[in-house]
Amino acid sequence: MANKFYITTPIYYVNASPHIGHSYTNIAADTLARYKRSVLGKENVWFLTGTDEHGQKIKKAADEAGLAPLEFVDKVVTQFKDLWKKLEISHDDFIRTTQDRHIKFVQQALQIAYAKGDIYQGQYEGWYCTPCETFWPLSQITDNLCPDCHRALEKIVETNFFFKLSKYQDWLIKYIKDTQNNPERMHYIQPASRRNEVLGFLENNKLEDLCISRPVERLSWGIGLPFSSKHVTYVWFDALINYISAVGQFDAQNIYRSAWWDKDVKVVQLVGKDILRHHAVYWPIMLEALGIRQPDTIFAHGWWMFDKDKMSKSRGNVVNPVEMVDKFGIDVYRYFLLRDVPFGLDGNFSEEAIIKRFNGDLANDLGNLIYRTLTMIEKYYFGEIPDLDISKTSYDQSGQMIKNKLEDLPKEVNLALDDKNDFSLALEKIWEVIGLTNKYVEETKPWNLVKEDKVEQLKAFIGLLVAAIRKIGIEIAPFMPKTAESIISQLGGSEIKKDAPLFPRIETKKK
Ligand code: MSP
């Protein structure tokens with residue numbers, strides 16, 4: 001098993017402000033990074049995020065804002081960085097595709113592939129919409145009208161550069177399929193349904209070579225090709241390379257060297273389902289062409305919808321993460337996104353759904369367990385936590401069951417997170433223990449133990465609650481860092497430091 005871990009998120013387009021979708025991937029990646037740091041040590045984990053700043057979309061947004069592209073992207077990048085700070089995202093590096101380190105690297109990569117014959121010059125034929133400034137490949141149009149604005153398209157034939165995807169099609173199919181000799185490749189494209197989708201696509205279609213350039217006169221906002229002053233790179237070729245440009249270099253022999261994109265590192269890449277093709281077809285082939293290893297996992301998560309509808313600016317239903325965090329708190333937002341929907345599936349976002357999780361899982365279950373335990377310690381022990389080793393204490397059946405579950409919990413969480421990235425299952429396992437522990441309080445009726453002067457039993461009982469909460473605090477830390485801190489501050493020492501309840505119920509009006 002690799003003892004180092006490298007995790008990446010897509011780099012986000014900076015043509016508009018960050019929204020719930022961006023925050024979703026970063027919260028998931030942050031949770032995995034925090035989890036892996038707790039298991040492997042901080043120095044063995046690297047977490048990369050960043051921004052995708054070239055291309056037509058960005059140029060257009062900058063023009064509309066009346067700013068030079070770089071001026072414009074600098075502004076929007078600040079919004080992303082501020083949001084990550086607000087959400088406690090613990091990335092180790094933030095890459096921007098306009099940085100010199102990236103531009104230089106992309107040009108080297110292009111040169112290497114060109115010298116190898118994997119990039120070649122050719123004629124590009126397609127249809128261009130002048131008002132939209134968009135080029136439509138034949139496969140995307142049915143008549144000669146623009147699929148976006150429905151105005152007439154102009155046929156364009158131009159010289160461009162192509163990347164030989166076709167040459168690597170059989171290799172890629174074999175690579176994905178060879179799980180007999182390499183069982184870990186079962187996790188290469190995830191979830192399994194997405195792996196099948198990609199395989200189905202590759203087996204039933206002939207890959208066309210990818211046009212990876214745009215003429216400068218049509219698009220100036222991009223990285224120049226090192227072998228043609230008349231062209232810039234297609235934004236996806238530029239963007240995908242961020243994952244390796246941020247963490248390594250080509251040496252004098254054009255061999256890629258990196259401390260993170262390396263053989264003893266587990267490399268996990270989280271992406272949204274809409275950009276799976278780019279990550280599971282173009283990207284693996286780019287890596288192979290450059291002689292660079294494949295990632296261990298490319299995980300495609302689902303989409304958040306609003307009233308079962310796609311979120312979009314024009315529909316005016318885009319959820320603003322800043323607003324949600326201000327309303328409900330960071331940890332509640334993080335918890336909700338990771339708990340409410342299994343990571344690979346689509347989810348429906350609503351404030352009612354957040355409130356339901358809040359009042360149930362957070363206020364009634366976790367908050368209540370902590371608060372009632374603190375209150376009992378205050379009342380029965382004047383705030384001093386009884387010193388007790390639960391491993392040396394015997395319990396009745398329910399107590400013993402909680403003890404066992406606590407012991408198994410790290411393993412259960414690991415099973416859910418490692419390879420599977422199943423955040424909701426991990427949380428479900430933690431909440432199972434919370435539920436059992438709350439039930440144990442109700443069953444035990446500690447006030448009776450006090451009445452009957454059962455000193456030892458009361459101590460054993462409180463000791464178990466404290467041990468449970470501390471363990472739960474450790475396990476939820478990657479998901480809810482602030483809550484974990486609060487648990488340590490309230491119950492981590494020898495005396496309690498009682499704060500206001502963590503999750504006071506939100507009253508909802510009855511309809
Ligand atoms: N710049 C490219 C990615 C390049 S990676 C080498 C890009 N950027 S994006 O800003 O448009 O989208 C980034 C991510 O946000 C994608 O993974 C996408 O799936 C995700 N989401 C956008 N809207 C979303 C939802 N409503 N729900 C969940 N995620 C969604 O694509």
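Residue numbers count from 1 along this sequence. Numbering of ligands and ligand atoms starts at 1, following listing order.
With Phe94 as the aromatic partner, Lys81 meets the cation-pi criteria of under 6.0 angstrom to the ring centre and within 45 degrees of the ring axis. A cation-pi arrangement is present between Lys36 and Phe5, with the terminal nitrogen or guanidinium carbon under 6.0 Å from the aromatic centre and inside a 45° cone about the axis. Both the sub-6.0 Å distance and the 45° axial angle are not jointly satisfied by Arg339 relative to the ring of Phe423. Annotation: cation-pi geometry satisfied between Lys4 and Trp260 (NZ/CZ under 6.0 angstrom from ring centroid, within 45° of ring axis). Cation-pi geometry between Arg195 and Tyr188 is not met at under 6.0 angstrom from the ring centre and within 45 degrees of the axis.
Leu48 has its side chain out of reach of His91: every pair of non-hydrogen atoms, C-beta onward, lies at least 4.5 Å apart. Inter-residue side-chain proximity for Phe328 and Glu351 is flagged as met; some heavy-atom pair is nearer than 4.5 Å.
The protein heavy-atom contact nearest to atom 13 (C) of ligand 1 is Tyr12 CD2, 3.4 Å. Here the heavy atom of the protein found nearest to atom 16 (C) of ligand 1 is Ile275 CD1, 3.8 Å. Among all protein heavy atoms, the one lying closest to atom 11 (O) of ligand 1 is Tyr13 CD1, 3.2 Å. The protein heavy-atom contact nearest to atom 27 (N) of ligand 1 is Trp304 N, 2.9 Å. Of the protein's heavy atoms, Gly21 CA, 3.4 Å lies nearest to atom 29 (N) of ligand 1. Among all protein heavy atoms, the one lying closest to atom 3 (C) of ligand 1 is Ile11 O, 3.2 Å.
With respect to the salt-bridge test (charged N to carboxylate O, under 4.0 angstrom), the residues Lys429 and Glu475 do not qualify. A salt bridge does not link Asp365 to Arg357: none of the charged side-chain nitrogens sits closer than 4.0 Å to a carboxylate oxygen.
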Apply ring pair (Phe, Tyr, Trp, His ring centres under 6.0 Å) to the pair Tyr24 and Phe343, showing each step before the final yes or no. CA-CA 10 Å; Tyr24 186 40; Phe343 197 45; 5.5 Å; yes
Under the ring pair (Phe, Tyr, Trp, His ring centres under 6.0 Å) rule, what do Trp136 and Trp127 come out as? Steps first, then yes or no, please. CA-CA 5 Å; Trp136 295 99; Trp127 295 84; over 10 Å; no
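Taking every heavy atom of Asp52 and a limit of under 4.0 angstrom, the matching atoms of ligand 1 come to 1 (N), 2 (C), 4 (C). The contact set between ligand 1 and His279, taken as ligand atoms under 4.0 Å from a residue heavy atom, comprises 5 (S), 6 (C). Applying the 4.0 Å criterion to heavy atoms of Ala239 picks out, from ligand 1, the atoms 6 (C). The distance from ligand 1 to the heavy atoms of Gly272 drops below 4.0 Å at these ligand atoms: 17 (O), 19 (O). Distances below 4.0 Å separate heavy atoms of Gly302 from the following atoms of ligand 1: 28 (C). Close approach to His301 involves these atoms of ligand 1, each under 4.0 Å from a residue heavy atom: 28 (C), 29 (N). Shown in contact with Tyr243 at under 4.0 Å from a heavy atom are these atoms of ligand 1, numbered in order with element: 5 (S), 6 (C). Within ligand 1, counting atoms from 1 as listed, the ones closer than 4.0 Å to a heavy atom of Pro10 are 5 (S), 17 (O).
Only one option out of Arg101, Gln107, Gln99 pairs with Ile103 in a side-chain contact (heavy atoms from CB on, under 4.5 Å); it is Gln107.
The shortest heavy-atom distance from His22 to ligand 1 is under 4.0 Å. Look at Asp274 and you'll find a heavy atom under 4.0 Å from some atom of ligand 1.
Between Thr25 and ligand 1, no pair of N/O atoms sits closer than 3.5 Å. For ligand 1, none of its N or O atoms has an N or O atom of Val271 under 3.5 Å away. The N/O atoms of Ile20, backbone and side chain alike, include none that comes under 3.5 Å of an N/O atom in ligand 1.
Counting heavy atoms closer than 4.0 Å to ligand 1, residue His19 contributes side-chain atoms (C-beta onward) but none from N, CA, C or O.
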